[in-house]
Amino acid sequence: TITIPYIISITSCENPSSVIDGAAVLQHSIHLAHNKKDNHSHIKNGTAVSTFSSSSSITDRRMSTTIYDYQMYAIHLPTTRACAIPLGEKLGFILLERKVPVAVEEIQSDFL
């Protein structure tokens, strides 16, 4: 099996629910693209609910004959940890906390 990584970045945490919702929609779309036979979400009280679990293995989450699998990652700043944690706990994303690699205020250019 070949595992394809899908990576999102979280650079702001002003609206945590929109970060989680956006990540869940992306993950669901990726899941459907990878696995046309199985759907691990359902409707509960008029809302789509994912049944992905951080405790589920990749194989458990996808019962497909394809040779391609996927794993979701979220790269986040230390200041956005509150938005990242639910992605790991509820959606099974692997969380990677990183500092900004450059001092943004030191970037100078005629184009900025």
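- Of all the heavy atoms in P16 and C83, the pair that sits closest is CA-SG, 3.5 Å.
- Nearest heavy atom pair, residue I10 against residue V19, reads CD1-CG1, 4.0 Å.
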Result block: side-chain N/O donor-acceptor pairs under 3.5 angstrom for residues 92-104, not counting sequence neighbours:
| residue | atom | partner | partner atom | Å |
| --- | --- | --- | --- | --- |
| E97 | OE1 | R81 | NE | 2.8 |
| E97 | OE1 | R81 | NH2 | 2.8 |
| E97 | OE2 | R81 | NH2 | 2.7 |

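- Partners of Y73 according to the side-chain hydrogen bond (donor to acceptor under 3.5 Å, both in side chains) rule, which considers only residues two or more places apart in sequence or in another chain, do not exist here.
- Hydrophobic clustering keeps I8 apart from I75 (ILVMFWY residues linked when any side-chain heavy atoms are closer than 4.5 Å, directly or through intermediates).
- Q71 places no side-chain N or O within donor-acceptor distance of the main-chain N or O of I4, the cut-off being under 3.5 Å.
- For residues 9-23, no pair satisfies salt bridge (charged side-chain N to carboxylate O under 4.0 Å, His left out), with sequence neighbours left out.
- Atoms CD1 and NE2, on I85 and H76 in that order, are 7.0 Å from each other to the nearest 0.5 Å.
- Scored by the side-chain contact (heavy atoms from CB on, under 4.5 Å) test, I30 finds Y6, L26, H34, Y70, M72 as partners (sequence neighbours excluded).
- Legend: residues meeting side-chain contact (heavy atoms from CB on, under 4.5 Å) with N15, ordered by chain and number and at least two apart, are S17, S18.
- Residue V25 shares its hydrophobic cluster (ILVMFWY side chains chained together at separations under 4.5 Å) with no other residue.
- Taken to the nearest 0.5 Å, the CD1 atom of I2 stands 4.0 Å off from the CD1 atom of I67.
- The shortest non-hydrogen separation linking A74 to L87 is CB-CD1, 4.1 Å.
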